[in-house]
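Quick note on labels: first sequence line is chain A, next is B, and so on, each numbered from 1. Just so we're clear, the structure is a prediction, and the values are computed from it rather than from any experiment.
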Amino acid sequence: MEIIVCLEQLKEYLLSKNVSGEIRYQAEHSHLVRVANNSISLNTTQLGAKFYIEIQVGEKLFKTSVVAVSSELDRVKSIIDSAVENIGIMPDIEFLTGLNGLTESEPIVSEKALEMESISSNVGVDIFATTVQKFAVRNVSLSGIFSCGSYEYAIVNTNSRRPLYFKGADFGVELVLALQGTNKEVRASQVGEYLSQLSLEEMWQVLEVQLKIKETTTFAQFTPRPVDVVFGKDALAAIVSLFLRLGLSGEMFEYEMGMLQKSKHKMGDKLWGENVSIIDDPSNESVLFKRPFGLNGLARKATALVNRGVLNGLIYSDKLDCDRFGKQRNNDIEALNPVLLPGDGPANFEDMIASCSSPTLYISFLHYMNCPNRSTGEFTATSRFGTFLIQDGKVVNHVQKVRVLDSLYHLFNNVEWLSTQLVAADTSDTYGARLAGAITLPQFIKVRNVPIVEN
Amino acid sequence: MQIESKCRESLNGLLQKGVTYADVRVHLVDKRQSIGTMCGSLDSQSVSEEQGVGVRVLFQGAWGFASSHSKEDVDWVANKALENAKSAAKLSAYPICLLPKPIIVDNYRDPSEIDPFSVPLADKVSFFLDLDKQIKREGLAYWGASGSFYKKEVLYMDTEGSFIRKELVDVDGHLYAFANDREGRSLRRSHNLFYDAQATTGWETFLNPQLFSRFAPIISEELLTLASAPQCEKMTADLLILNNQMALQTHETIGHPLELDRILGYEMSYAGGSFIGLEDFNSLQYGADKLTVQANGVIRNSPGSFGFDDDGVAAQNVVLIEQGVLRNALTSRQMAAEANNRLGRTLFAKSGGTSRASSYNRTPLERMTNINIMSGNDGSLEDIISKMEKGLMLDNPVSWSIGSNRENFHFACEIGWLIKDGRIEKMVKNPAYSGDTLPFWRSLSKVGSQETWKMEVVYNCGKGQPNQIMRLGHGVPVCLFTDVSIG
């Protein structure tokens, strides 16, 4: 594999310069088709490749990156030369520790990577064209994306024996139908590693069910007040994702800038409800995008982060932050395979509706989540793509979007039930280089007394 | 072969293959350097260099786009973009057309005196470590100073004959401190570098103490007071918003809802839509009479000024809201044409020149330029405070969460000051406020005079799929709103 040879040569080059160093390579081959107003609004293909280089001499550190491919060895070497030249003028970082070796692994390559990167853009267009056709009589407008491709990362350092290499593949599909002339929208999404996992029929079914509710129930305003809420998988994924970063990041814990603080909390503290357990497990059969080592080259092993409401583990990924606090890295927050373990609650939409006798809001998706107060775990977001009021085992109204203003403490201490069935929710983003992400979680979760507020 | 010639050949090749239009953007230079300190140590330092090429093709009313990190790939990229456009043309309810534009052959260079990349690294590191010392106080948990420097050389060519070279320089800076309150909960106070709109962009921006360094001791002192301040209580009261928070308020509830692609539904599946409809222009009372807002892409010094957008249209100054009435939107050639077609009349006579891409590997979208609120005649900050009976003054965002059509918002801020009988009574921590966008802007009761106006910088505006982070500006005065839900 060309990049492995390239990294081996670059490692030798670092050693020949008498410096310690680490080099990470990330590349992607991405396709993205976007639809809006029943038209393809963007159909794009992207090739990207970048080297991230860190040089250490004693207590000095220099970081640099360059866009290049493995055949441009001289270009990368010239960037190393520049880093070596400049490191002398950097101030000492007194807590900086030396580089440890990396884990060892044979190269891991998804058998579907080539298929996903060489896919015809007609595939994405056809998904949308058939969806438009399917809902042609419903007076709706389709928006969404189809994203697919491959991503790879490779890493070596001057203390590792040989480079690590991972190449994965993924797809994500999002379909949004807006009822023409209204502000009403419904959404379905799927994520997976290869296209045969995609079921358009299932997505259409989700859309149909929600559309039918909007067509057959009356619209109502919801008076802000605490109410029981069933969150769907995408809303729950946003909450769990925030919980991982705000609550279970070791760096946030050490800096005391998140919802857990080292001066107040410790491993073994019972902080959440008995029915809340979260693991990170790259070997779990249910998870997508199993990555046995992270982008930082550390082995990733099954870890119980929250065990029946008890804080059991934190995720330490950043070397400099860990050096500052005398901690060892144990994971990579960018490469997690988190699972919120299931419970005994209903697993399909009909059973979930039937189970709610007292007034309960169903929220499928949370839009624009943010944290007004990190220390208290407070978060806020508005519901979107389907907010339904359920009572006496049926949907009585579809309601205007509502604002949730809750805390992660309150929420995870008031879980009434979690579905028995696990599903994957997409947490990939398209900010930087492609890196697939998904959280495995129950289809639904019911939470008591969630504060719904004005705006 | 020179890259210009290769690009011209590729564009000619695309024309021969029947495209309606194509453009190519080559990032010849795209450099970024960042330096950050924490508690007296260097905490982060990085340099990144990129190059690449992106080609956009319009074929039978549909866009195709492709990009590569190797500018030598321009032919492959052009052909892939055409292939993508052909595929996209199979599902096209609104065939894309573009409003006409003048052919432009020109250069643009950001006004800059000291290239930040020409300043020795050691000097820059020392500068930020010195600021770090100025922030340091007993009682702070963490503190630091950081800066980033950007330099881009971009070549733009299109099949209509435009040929534009741009040299863009930007900087941003940040000072921060954290301390724990009596309950051991973390609080933050920070300052973001703002620009002198009439000056130049470059390392010299950092050297003007009025924009940056003078705030180093201020944030520490304020934070230490804040750490023992009471919690902001729930109330409905007048709200005086200082510049940094005003920039975000403007950004989220005027800038984004007036992006024409959002108005037309092109961001529905991700960022959301807009509560504005095409029928609202020239009739909707968006805010109070005191509210006049411009999208000013020709302010001398701001990251929201760029010479020419990525449609090859000259940057311009467009009045969005005039004395409270909605007049215009952030527009591109494509969206302006589509809006006119949907309406069956000309609402947008030309592109407003706001179509920008964050890099060679992204397609241009409607992006904010400098969305500025014109200063008013209600005097200085002190003048406005002196006329407040009871209310809250606040600044610097901690959290922002906006409705999907930008119809409402919830903001939390770093710091608040209770005002009573025309005087600042006390500091309060964790202030937050929320509202519905139109009633909020209609409750604007005082707009600070020019002396309160500042050119704030936003360097992390995200939009689009694949996502694009854009840099832009908001020139804003301090503003007073009545009967706001606080707490």
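- No part of A:Glu54 comes within reach of chain B, as not one of its non-hydrogen atoms sits under 4.5 angstrom from that chain.
- If you measure heavy-atom distances from A:Glu256 to chain B, the contacts under 4.5 Å come from both the backbone and the side chain.
- Between A:Ile363 and A:Val402 there is a side-chain heavy-atom pair separated by less than 4.5 Å.
- Looking at A:Ser41, the atoms closer than 4.5 Å to chain B (heavy atoms on both sides) sit in the backbone and in the side chain alike.
- Proximity to chain B involves both the backbone and the side chain of A:Asn38, based on heavy atoms less than 4.5 angstrom apart.
- Judged by a 6.0 Å distance limit and a 45° cone about the ring axis, B:Lys86 is positioned over the six-membered ring of B:Phe59.
- With a threshold of 4.5 angstrom between heavy atoms, B:Ala122 approaches chain A through its backbone and through its side chain.
- With a 4.5 Å cut-off on non-hydrogen atoms, A:Val33 does not touch chain B at all.
- Between A:Cys322 and A:Glu251, the closest side-chain pair of non-hydrogen atoms falls below 4.5 Å.
- With a threshold of 4.5 angstrom between heavy atoms, A:Ile79 approaches chain B through side-chain atoms but not through N, CA, C or O.
- Heavy atoms closer than 4.5 Å to chain B are found in the side chain of A:Leu405, but not in its backbone.
- Only the side chain of A:Val176 comes within less than 4.5 Å of a heavy atom in chain B; its backbone stays farther off.
- Annotation: side chain of B:Lys124 is in contact with side chain of B:Gln33 (closest heavy-atom distance under 4.5 Å).
- With respect to chain B, the highest number of heavy-atom pairs below 4.5 Å among A:Cys371, A:Ala83, A:Gly124, A:Ala129 belongs to A:Cys371.
- Between A:Tyr52 and A:Tyr25, the distance separating the two ring centers is not shorter than 6.0 angstrom.
- Contact of B:Ser41 with chain A is made through the side chain alone, with heavy-atom distances under 4.5 Å.
- Counting all heavy atoms, side chain and backbone alike, B:Arg406 lies closest to B:Gly273 at CG-O, 4.1 Å.
- Heavy-atom distances place the side chain of B:Cys39, and not its backbone, under 4.5 Å from chain A.
- A ring-centre distance under 6.0 Å is not found for A:Phe325 and A:Phe95.
- For A:Arg374, no part sits under 4.5 Å from any heavy atom of chain B, backbone or side chain.
- Of the atoms belonging to B:Glu252, it is side-chain heavy atoms, and not backbone ones, that fall under 4.5 Å from chain A.
- With a 4.5 Å cut-off on side-chain heavy atoms, A:Arg75 and A:Val66 count as touching.
- Of the listed residues (B:Arg185, B:Glu407, B:Lys90), the one with the most heavy-atom contacts under 4.5 Å to chain A is B:Arg185.
- For B:Tyr94, the parts lying near chain A are the backbone and the side chain together; criterion is any non-hydrogen pair under 4.5 Å.
- Heavy-atom distances place the side chain of A:Met90, and not its backbone, under 4.5 Å from chain B.
- For the residue pair B:Ser332 / B:Gln334, no side-chain donor-acceptor distance below 3.5 Å is found, with atom types taken as modelled.
- When heavy atoms are compared at a cutoff of 4.5 Å, B:Leu187 does not approach chain A at all.
- The environment of CD in B:Gln231 is crowded: more than 12 heavy-atom neighbours from other residues, nucleotides or ligands sit within 6.0 Å.
- Heavy atoms closer than 4.5 Å to chain A are found in the backbone of B:Ala271, but not in its side chain.
- Using a 4.5 Å cut-off between heavy atoms, B:Asp43 touches chain A through backbone and side chain atoms alike.
- In terms of heavy-atom pairs under 4.5 Å with chain B, the best-connected choice from A:Gln261, A:Arg187, A:Glu185 is A:Glu185.
- Put simply, of B:Asp436, B:Val125, B:Thr363, B:Val398, the one with the most heavy-atom pairs under 4.5 Å next to chain A is B:Asp436.
- By the 4.5 Å heavy-atom criterion applied to side chains, B:Arg362 and B:Pro466 are counted as neighbours.
- The candidate from B:Ala88, B:Ala66, B:Ser434 with the greatest count of non-hydrogen atom pairs under 4.5 Å with chain A is B:Ala88.
- Ranked by heavy-atom pairs under 4.5 Å with chain B, the first of A:Asn43, A:Asn86, A:Val35 is A:Asn43.
- Using a 4.5 Å heavy-atom threshold, the side chains of B:Gln51 and B:Val53 count as separate.
- Of all the listed residues (B:Trp63, B:Tyr266, B:Phe409), the one sharing the greatest number of non-hydrogen pairs under 4.5 Å with chain A is B:Tyr266.
- With a 4.5 angstrom heavy-atom cutoff, B:Asn430 touches chain A only via side-chain atoms.
- Here the side chains of B:Ser359 and B:Glu50 are in contact, with some heavy-atom distance below 4.5 Å.
- B:Arg188 and B:Ser186 share no side-chain donor-acceptor pair at under 3.5 Å.
- Heavy atoms of B:Tyr142 lying under 4.5 Å from chain A belong exclusively to its side chain.
- Listed here is the closest heavy atom pair of A:Val123 and A:Phe146: CG1-CZ, 4.2 Å.
- With a threshold of 4.5 angstrom between heavy atoms, B:Phe411 does not approach chain A through any atom at all.
- The candidate from B:Arg32, B:Glu83, B:Lys80 with the greatest count of non-hydrogen atom pairs under 4.5 Å with chain A is B:Lys80.
- Residue contact with chain B, scored on non-hydrogen atoms closer than 4.5 Å, involves the side chain of A:Phe385 exclusively.
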